[in-house]
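Starting from 1, each residue takes its place in the sequence as its number.
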Amino acid sequence: MKKIILCLALFSFCTFVQAQRKTKIVEPVIQENPDTGGKVIKRKVAIGRFSNETQYAKGIFYDKENDPMGKQALDILSSKLAASGKFLLLERSDLAALLEEAKKSDNGLATIGADYMIIGSITEFGRKNVGKSGVFSTTKSQIVEAAVAIRLVDVSTGLIIYSDEGKGSAELTTRTTMGVGGKADYDATLSDKAISEAIGQLVENIINKCTNKPWRTFFLSYDAEAQLIAGGASQGIKAGDTFAVKTKGKKVKNPQTGVMIELPGKKLGTVTVIDTAGDTPETEYSYVSFSGDSSTIDANNLTDYYIEEIK
């Protein structure tokens with residue numbers, strides 16, 4: 001009689017056992033359009049390349065130019081940066097041609113048309129299945145681990161201002177007791193979650209590095225008819241905004257690193273935005289009015305000056 005009662009109790013318990021799904025994902029929360037307490041001018045960012053440097057899913061017909069993991073990582077990074085509300089993301093499918101042109105140009109990487117460029121790669125990726133069997137229960141887990149490396153380049157100088165690697169993992173666990181429970185087949189979404197976690201660890205630092213430096217732009221035209229600067233409404237510029245006008249500082253070579261350093265420029269005055277125009281982030285511009293000694297501006301050498309955000 002006792003055996004019958006024990007069996008009934010075990011059967012009753014097992015019928016309520018469900019498959020347990022556990023996904024280990026810890027990501028920093030990126031607040032959409034956060035309130036920073038001040039005006040935020042969106043930086044133009046080009047994601048130059050996001051490659052898959054691992055051997056995962058690289059068969060005989062592997063196409064480096066159409067790698068699904070690389071594109072997946074690029075989409076995740078783009079989504080997270082856009083959610084911050086601090087960037088204009090530029091499509092740069094012709095980046096290889098632009099970089100070649102930059103080598104021949106005096107302006108260097110400025111021909112890319114962005115303030116910053118991001119170069120990334122998936123450096124580690126792996127999937128494994130582990131399990132544990134007991135007298136009454138069996139546990140099986142699918143685990144995906146990924147590592148992503150990112151470099152952030154200041155286009156105006158060509159210098160790497162931030163470089164780091166983030167790692168992420170995602171896990172799916174199923175458990176059965178006395179043969180009752182659930183089973184989980186191959187879960188492709190774990191790859192997304194592991195890569196997303198790895199990228200999420202780097203996004204906050206990317207945002208901080210890009211916004212710590214004051215936003216800059218340049219004169220497009222300066223004459224009696226119009227005074228124009230690059231940048232417009234999509235970056236958050238509006239009528240009434242005021243920016244400083246400065247001369248480009250002297251460039252000196254750091255003997256320790258061999259890198260050219262631009263010293264701070266001299267402030268000549270300010271410009272106030274009158275109106276904005278243009279159809280796309282690449283072609284937008286603003287009408288401005290200069291306040292200061294107009295004789296200090298040489299209209300024939302506008303590349304000697306820059307307009308900077310006042311912080």
Gap separating the CG atom of N301 from the NZ atom of K248, nearest 0.5 angstrom
11.0 Å
Under the side chain to side chain contact (heavy atoms under 4.5 Å, CB included) test against I118, which residue among L81, L89, L202, V153 passes?
L81
Could you state whether V45 and I161 fall into the same hydrophobic cluster, counting links through intermediate Ile, Leu, Val, Met, Phe, Trp or Tyr residues with side-chain heavy atoms under 4.5 angstrom apart?
yes
CG of L220 to CD1 of I229, rounded to nearest 0.5 Å, is 8.0 Å
Do the non-hydrogen side-chain atoms of I160 and Y162 ever get within less than 4.5 Å of each other?
no
For the pair Q201 (side chain) and K167 (backbone), establish whether a donor and an acceptor sit closer than 3.5 Å, ignoring hydrogens and angles.
yes
Check for a donor-acceptor pair, side chain of T270 on one end and backbone N or O of T242 on the other, with a separation under 3.5 Å.
no
Any side-chain heavy-atom pair from L88 and Q235 closer than 4.5 angstrom?
yes
How close do F125 and S191 get, heavy atom to heavy atom, and via which atoms?
CZ-OG, 3.4 Å
Can you check side-chain contact (heavy atoms from CB on, under 4.5 Å) on Q142 and R127, steps first, answer last?
CA-CA 7 Å; Q142 297 179 45; R127 178 183 287 269; 3.4 Å; yes
Does the side chain of S221 come within less than 4.5 Å of Y285's, by heavy atoms?
no
Checking K86 side chain against I41 main chain: does a donor-acceptor pair fall under 3.5 Å?
no
Kindly indicate, with the supporting measurements, whether the criterion side-chain contact (heavy atoms from CB on, under 4.5 Å) is fulfilled by D304 and D298.
CA-CA 8 Å; D304 294 340; D298 183 357; 5.6 Å; no
Between R216 and E262, does any side-chain N to carboxylate O distance fall below 4.0 Å?
yes
Look at the side-chain heavy atoms of Ile, Leu, Val, Met, Phe, Trp and Tyr, link any pair under 4.5 Å apart, and say whether L228 and Y305 land in one connected group.
no
What I'd like to find out is whether the side chain of S84 reaches to under 4.5 Å of the side chain of E204, using heavy atoms alone.
no
Is there a donor-acceptor contact under 3.5 Å from the side chain of Q227 to the main chain of F290?
yes
What are the two closest non-hydrogen atoms of L90 and P281, and how far apart are they?
CD2-CB, 4.3 Å
Quick check against the 3.5 Å criterion: does E284 have a side-chain atom that pairs as donor or acceptor with the backbone of S234?
yes
Step by step, work out the side-chain contact (heavy atoms from CB on, under 4.5 Å) result for K238 and S286.
CA-CA 8 Å; K238 64 180 185 298; S286 298; over 6 Å; no
K44 backbone acceptor or donor facing D115 side chain under 3.5 Å
yes
Below 30° counts as parallel, above 60° as perpendicular, anything between as tilted: where do the rings of F243 and W215 land?
tilted
Give a yes or no answer on whether the side chain of D241 reaches the backbone of I237 with a donor-acceptor pair at less than 3.5 Å.
no
Once rounded to the nearest 0.5 Å, what's the spacing between atom CZ of F50 and atom OG of S121?
7.0 Å
Below 4.5 Å, heavy atoms only, C-beta onward: do Y287 and V273 meet side chain to side chain?
no
If we only count heavy atoms from C-beta on, is the R43 to Y116 side-chain gap below 4.5 Å?
yes
Might you confirm whether atom CG of D279 has over 12 heavy atoms from other residues, nucleotides or ligands at distances under 6.0 Å?
no
Do E309 side-chain atoms and P214 backbone N/O form a donor-acceptor pair below 3.5 Å?
no
Hydrophobic side-chain clustering at under 4.5 Å (ILVMFWY, transitive links): who's grouped with F218? Put none if nobody.
Y306
Residue list, side chain to side chain donor-acceptor pair (under 3.5 Å) with D75, at least two apart or on another chain
none
If you define the side chain from C-beta out and look only at heavy atoms, does anything of I150 sit under 4.5 Å from I119?
no
Donor-acceptor check, side chain of K251 to backbone of L263, threshold 3.5 angstrom: yes or no?
no
Check this for me: does any side-chain nitrogen of one of R151 and E165 sit under 4.0 Å from a carboxylate oxygen of the other?
no
Hey, are the side chains of S78 and I47 touching, using non-hydrogen atoms and a 4.5 Å cut-off?
yes
